[in-house]
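Working notes, structure below.
In what follows, chains are A, B, ... by sequence order, proteins preceding strands, each numbered from 1. All values derive from a computational prediction rather than experimental measurement.
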There are 2 protein chains.
Amino acid sequence: MNSQFKKGILELLVLNILKRNDCYGYEIVNRISESISISEGTIYPLMRRLKGDGYVTTYLAESTEGPPRKYYHLSASGIEEHNRLKEEWDIFFERVNILLGEES
Amino acid sequence: MNSQFKKGILELLVLNILKRNDCYGYEIVNRISESISISEGTIYPLMRRLKGDGYVTTYLAESTEGPPRKYYHLSASGIEEHNRLKEEWDIFFERVNILLGEES
DNA sequence: TTTAGTACCTTGCATAACAAGATACTGTGT
DNA sequence: ACACAGTATCTTGTTATGCAAGGTACTAAA
C-alpha cells in the first residue's frame, strides 16, 4: 500500500468513523485496517493532534478485556472539520480522476 | 488545496501526461495547475527522481520563446510504473470511498 | 531599460505515515 | 507458577514529498 496516498486522508477517515459513535484508538486502527493497512504509530499521534486542535474530546473507560480504553468523541468543530475535509477530498479526487481519464 | 492529498499522486499524474507525449517541466506544471494547484519547486525535484529511477529519459530542445526546454520521455519501465501506480490508486480511492460511504 | 513571460534550478521547512520498540492489563493453557 | 496471545496505550527516529522563497537566464514588448 502506497503510504503517500494516505497522507491527509486518514484524518478524514477517523473523523468519519467518530461521526457515527465514540471509539477508542485500538478500535479505530482495526476498523480502518479492514480496508487500508495502517499502523498504531500513525493513529495515536493523529488522535493527539485532533485533540490538540479541539476536534475531539476524550474520556477513559474500563475494559474487561485489557487495560482501560481512551474513547474519542467528536466535537462540534470536529464535525465542521469533517465536512470541510470531505468536500476538499471530493473535489480533489474528482479532479485527479478527470486528469487520469483524459484520453491518451 | 490540502497539500497532503497530493502526496504520491502527483507522480502518477506526471507519468499519465507523459504517456501521451513528451513534455518539458514548465509545461507539466501548467497542465496540472489547470486542475490542481502545484508549484515548480515540487515538479523539478520530482522529475529528477523519475529520471534517477529510470522512468523517464531527457533531451534538450531550443525554444523561440525563452531558454532551452528539457523534454521528458517516458521509458518502458516508466510505463510499467504508471500502470502499477494507477492500479494502486484505483484500489485506494475505491476503498476510501467505501469507508466514507458507509451509512452513518 | 524595464517589465512580463518563459524556462530552468536549489535550499530549507513542514507534515504525516511508518517501523520498532516500550509498557501494562486480561485470560488461557501447561 | 509461568508463558503466551490478545488487548490497549504510547514514544522515538526515519523517510518521503510538497511548498515557499529564492536564484539564473533567455526573449519580446512597452
Side-chain angles (χ1 to χ4, degrees), chain A residues 1-15 22-33 35-53 55-56 58-72 81 85 88-89 92 95-96, chain B residues 1-15 22-33 35-53 55-56 58-72 81 85 88-89 92 95-96:
Chain A
M1 174 83 57
N2 189 324
S3 70
Q4 295 300 322
F5 285 165
K6 302 175 196 169
K7 296 285 172 79
I9 190 65
L10 288 182
E11 178 178 339
L12 174 55
L13 294 180
V14 167
L15 295 175
D22 297 357
C23 288
Y24 54 99
Y26 192 74
E27 189 185 3
I28 294 172
V29 172
N30 288 336
R31 280 229 228 155
I32 295 179
S33 292
S35 305
I36 291 166
S37 69
I38 192 168
S39 75
E40 297 177 3
T42 300
I43 283 296
Y44 289 112
L46 169 57
M47 299 318 295
R48 185 135 48 97
R49 244 184 293 143
L50 293 177
K51 189 179 181 184
D53 290 340
Y55 298 143
V56 300
T58 60
Y59 56 92
L60 286 173
E62 296 283 327
S63 166
T64 55
E65 297 165 76
R69 297 165 173 168
K70 186 187 274 186
Y71 279 87
Y72 295 91
E81 171 73 355
L85 218 48
E88 267 197 56
W89 166 255
F92 176 75
R95 288 183 182 173
V96 166
Chain B
M1 175 83 58
N2 188 322
S3 70
Q4 295 301 324
F5 285 165
K6 303 175 196 169
K7 298 284 174 78
I9 190 66
L10 288 181
E11 178 178 338
L12 174 55
L13 293 180
V14 167
L15 294 175
D22 296 358
C23 288
Y24 53 100
Y26 192 74
E27 188 185 6
I28 294 173
V29 173
N30 288 336
R31 282 230 227 157
I32 295 179
S33 292
S35 305
I36 292 167
S37 69
I38 192 170
S39 74
E40 296 180 4
T42 299
I43 284 296
Y44 290 113
L46 169 57
M47 299 317 295
R48 187 139 44 101
R49 244 184 294 143
L50 293 177
K51 190 179 181 183
D53 291 339
Y55 298 143
V56 300
T58 60
Y59 56 91
L60 287 173
E62 297 284 328
S63 164
T64 55
E65 297 164 76
R69 298 166 173 168
K70 185 189 275 187
Y71 279 86
Y72 296 91
E81 170 73 355
L85 219 46
E88 265 197 58
W89 167 253
F92 176 75
R95 288 183 182 174
V96 166

Side-chain heavy atoms of B/Ile32 within contact of B/Val14, under 4.5 Å:
yes
About how many Å separate OH of A/Tyr24 and OG1 of A/Thr58, when rounded to the nearest 0.5 Å?
16.0 Å
Could you tell me which residues satisfy side-chain hydrogen bond (donor to acceptor under 3.5 Å, both in side chains) with B/Glu88, sequence neighbours excluded, listed by chain and number?
B/Arg84
When all nucleic acid strands are considered with a 4.0 Å heavy-atom cut-off, which category describes B/Thr58: base, sugar-phosphate, or nothing?
nothing
Closest non-hydrogen atom pair between B/Met47 and B/Ile28, with its separation:
CE-CD1, 3.9 Å
For A/Tyr71 and B/Lys6, take the nucleotide of DNA chain D holding the closest heavy atom to each; which residue's nucleotide lies nearer the 5' end?
A/Tyr71
Whole-Å gap separating C1' (D/dA16) and CZ (B/Arg48):
15 Å
Students should find this one: the first and last nucleotides of DNA chain C, 5' to 3', lying under 4.0 Å from a heavy atom of chain B. What are they?
C/dG5 to C/dA16
Give the table of side-chain donor-acceptor pairs shorter than 3.5 Å for residues 37-46 of chain B, with sequence neighbours excluded, one pair per line with atom names and distance.
unit_1, atom_1, unit_2, atom_2, d
B/Ser37, OG, B/Lys6, NZ, 3.3
B/Ser39, OG, B/Thr42, OG1, 3.4

What is the distance from atom CZ of A/Phe5 to atom CD1 of B/Ile9, rounded to the nearest 0.5 Å?
4.5 Å
Pairwise distance CZ(A/Phe92) to CD(B/Gln4) - rounded to 0.5 angstrom:
11.0 Å
Whole-Å gap separating P (D/dC19) and CG (B/Asn2)
10 Å
Tell me whether B/Arg95 contacts the main-chain N or O of A/Ser35 through its side chain, where contact means a donor paired with an acceptor under 3.5 Å.
yes
Interatomic distance where CE belongs to A/Met47 and P belongs to D/dC10 [whole Å]
10 Å
Measure from CE on A/Met1 to P on D/dT15 and round the result to the nearest Å.
22 Å
Measure up the A/Tyr71 and A/Tyr59 rings against each other and bin them: parallel (under 30°), tilted (30 to 60°), perpendicular (over 60°).
parallel
Is B/Leu10 touching bases, backbone alone, or none of the nucleic acid, heavy atoms closer than 4.0 Å?
sugar-phosphate
Which of residues 23-31 of chain B have a heavy atom under 4.0 Å from DNA chain D?
none
Pairs under 3.5 angstrom, nitrogen or oxygen only, protein versus nucleotides 21-27 of chain D, please.
unit_1, atom_1, unit_2, atom_2, d
D/dT27, O3', B/Thr64, O, 3.2

Would you mind checking if A/Glu11 and A/Lys7 are paired as a salt bridge, meaning a charged N to carboxylate O distance below 4.0 Å?
no
Look at B/Ser3 and D/dC19 and indicate whether a side-chain polar atom (N or O) is within less than 4.0 Å of OP1 or OP2.
no
Can you name the residues that form a side-chain hydrogen bond (donor to acceptor under 3.5 Å, both in side chains) with A/Ser3, not counting sequence neighbours?
none
